[in-house]
Amino acid sequence: METMRKALLWASTNPWLSQRLPQRRFVRRAVRKFMPGETLEDALAEADRLRAEGIPTLITTLGENVETAEETRESVAEYVRSMELAEEMGLDLEVSIKPTHLGLDQDFDLVCENVAELASRAGTGGTLWIDMEGSAYLDATLSLYRTVRRRHANVGLCIQSYLRRTADDLESIMEFGPCIRLVKGAYAEPAAIAFPDKRDVDESYLALARSLMDHLGGGGDGFIGLGTHDPAMIEPLSEYARAAGLDGSRFEIEMLYGIGRREQRRLVREGTPLRVLISYGRAWFPWYMRRLAERPANVWFVARSMFR
């Protein structure tokens, strides 16, 4: 399984595969497990359906490492459109962005301007989430968060438990009373940077989550979203949050569209705060490969799809 994971992460960065595999019908059919379609309208229609089940949503437009400032402005316009349409539909919907989709590769001032514009547009109605990409962008993303957060309190940050330095990075931004989405991490990283063993990643995840919940339960400012489908994380941390007196204004589970639907419905029935991340867009191949690499069962789903 580890060999398969490495192969999938390698594929996620391969330009030749990213151009050719999406043309294969079985791949396009299989990806529908993880995304409802390629357009904003597809994503919002699914958000509306989930709203009927009592599940709020988080939306992201797939794309990374754009090459021009003009492309970043197109991305900003698309996110603004998503906010406007979500408001018209009365959806409880937040937005998550990738820094390299908004100009981090081009110019730091440009990406700060773009993210600040979206944070201002989101207003007080919800959090604008800054996603974390590969470790090569970590320091720049932290600087982006600090810069925009000083002007906009509704900006949140994703952190990754598989990185060895994350505990120190989290401590460095606690002055902001941060809104944090905690995930395990899905990029190929060397052992010197990231824990190679799943047990260490899980232990880091639990420790980071409990530290944040202790801060919140003690009256500190902020929010924690647990980005996980792992029952070994969800059950004990949901109980820990309840014991700390955290409600949906301070804590939620965040799961990906199409994964663990039965578990999502169970969490809703039990009153555990839940939000589902819906991704859409045409640039889905790198993201899709990382989703497959996260869990071997996802690979078998694709294999079965080939013969349907």
Side-chain angles (χ1 to χ4, degrees), residues 33-36 43-60 86 89-96 125-127 129 131 156-161 177-186 198-199 201-279 291 294-298 301:
K33 174 180 171 66
F34 300 102
M35 56 181 276
L44 292 179
E46 195 61 22
D48 194 36
R49 188 192 67 78
L50 288 169
R51 186 250 304 268
E53 297 183 20
I55 302 175
T57 44
L58 179 65
I59 199 170
T60 190
M89 297 171 67
L91 296 174
D92 179 353
L93 182 145
E94 296 179 343
V95 162
S96 180
T127 302
W129 292 97
D131 205 354
L157 180 68
C158 178
I159 63 173
Q160 302 162 325
S161 74
C179 294
I180 295 293
R181 182 197 304 143
L182 178 62
V183 302
K184 291 185 180 180
K198 180 181 183 300
R199 181 173 57 184
V201 175
D202 288 352
E203 288 177 357
S204 173
Y205 193 99
L206 291 168
L208 290 164
R210 288 169 178 156
S211 175
L212 278 164
M213 289 179 182
D214 288 342
H215 164 77
L216 296 170
D221 292 333
F223 178 90
I224 180 170
L226 298 176
T228 182
H229 305 91
D230 188 347
M233 304 292 110
I234 292 173
E235 291 306 314
L237 291 176
S238 295
E239 181 58 35
Y240 201 91
R242 284 190 288 269
L246 305 183
D247 60 16
S249 67
R250 315 297 300 283
F251 151 79
E252 68 188 13
I253 304 294
E254 297 180 354
M255 302 178 75
L256 295 174
Y257 170 82
I259 301 181
R261 293 192 181 189
R262 183 178 300 175
E263 176 69 0
Q264 291 174 15
R265 295 187 183 102
R266 183 188 70 81
L267 291 171
V268 171
R269 286 196 306 271
E270 295 180 356
T272 302
L274 171 70
R275 189 175 295 269
V276 168
L277 171 61
I278 301 174
S279 302
R291 296 295 76 75
E294 285 178 337
R295 188 166 176 262
N298 295 337
F301 176 87

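Evaluation of the salt bridge (Lys or Arg N to Asp or Glu O under 4.0 Å) test over residues 248-259, restricted to residues two or more places apart or in two chains, returns R181-E254, E252-R275.
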Carefully, step by step, assess K198 and D202 under the rule salt bridge (Lys or Arg N to Asp or Glu O under 4.0 Å). CA-CA 6 Å; K198 180 181 183 300; D202 288 352; 2.6 Å; yes
Stepwise side-chain contact (heavy atoms from CB on, under 4.5 Å) check, L44 with I59: CA-CA 9 Å; L44 292 179; I59 199 170; 4.2 Å; yes
Hey, mind stepping through T228 and D230 against side-chain hydrogen bond (donor to acceptor under 3.5 Å, both in side chains) and telling me if it holds? CA-CA 6 Å; T228 182; D230 188 347; 5.2 Å; no
Pair T272, I253 - check side-chain contact (heavy atoms from CB on, under 4.5 Å), show working. CA-CA 8 Å; T272 302; I253 304 294; 3.9 Å; yes
Could you walk me through whether W129 and T60 pass the side-chain contact (heavy atoms from CB on, under 4.5 Å) check? CA-CA 10 Å; W129 292 97; T60 190; over 6 Å; no
Would E235 and R266 satisfy salt bridge (Lys or Arg N to Asp or Glu O under 4.0 Å), going step by step from the backbone distance to the final call? CA-CA 12 Å; E235 291 306 314; R266 183 188 70 81; 2.4 Å; yes
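Contact check for L226 versus M233: no side-chain heavy atoms found under the 4.5 Å cut-off. The shortest side-chain heavy-atom distance between M35 and E46 does not fall under the 4.5 Å cut-off. In this structure, the side chains of L58 and L93 stay at 4.5 Å or more apart for every pair of heavy atoms. I259 is not listed as a side-chain neighbour of Q264, based on a closest heavy-atom distance of 4.5 Å or more. Considering only heavy atoms from C-beta on, I234 comes within 4.5 Å of L267 through its side chain. Taking 4.5 Å as the limit, every side-chain heavy atom of V276 sits out of range of all side-chain heavy atoms of L256. Residues S238 and F251 are in side-chain contact: their nearest non-hydrogen atoms beyond the backbone lie under 4.5 Å apart. Put simply, the side chain of L274 reaches to within 4.5 Å of the side chain of M255, judged on heavy atoms.
Y257 OH to F34 CZ: the interatomic distance, rounded to the nearest 0.5 Å, is 11.0 Å. Between the OG1 atom of T127 and the CD atom of E94 there is a distance of 4.5 Å, given to the nearest 0.5 Å. From L208, atom CG reaches atom OG of S161 across 6.5 Å, with rounding to the nearest 0.5 Å. Rounded to the nearest 0.5 Å, atoms CG (L212) and OH (Y240) are 11.0 Å apart. The CD1 atom of I224 lies 10.5 Å from the NE2 atom of H215; values are rounded to the nearest 0.5 Å. Within the model, atoms CG of L50 and CZ of R261 stand 7.5 Å from one another, a figure rounded to the nearest 0.5 Å.
The nearest pair of heavy atoms linking P36 to A43 is CG-CA, 4.0 Å. Nearest approach of P231 to P236, heavy atoms of both residues: O-CD, 3.8 Å. When all heavy atoms of L237 and M213 are compared, the closest pair comes out as O-CE, 3.5 Å.
At distances below 3.5 Å, not a single donor-acceptor pair connects side-chain atoms of S211 with backbone N or O atoms of A207. Of the possible polar contacts, one joining the R51 side chain to the M89 backbone as a donor-acceptor pair under 3.5 Å is found. A side-chain donor-acceptor contact under 3.5 Å links Y205 to the backbone of L182.
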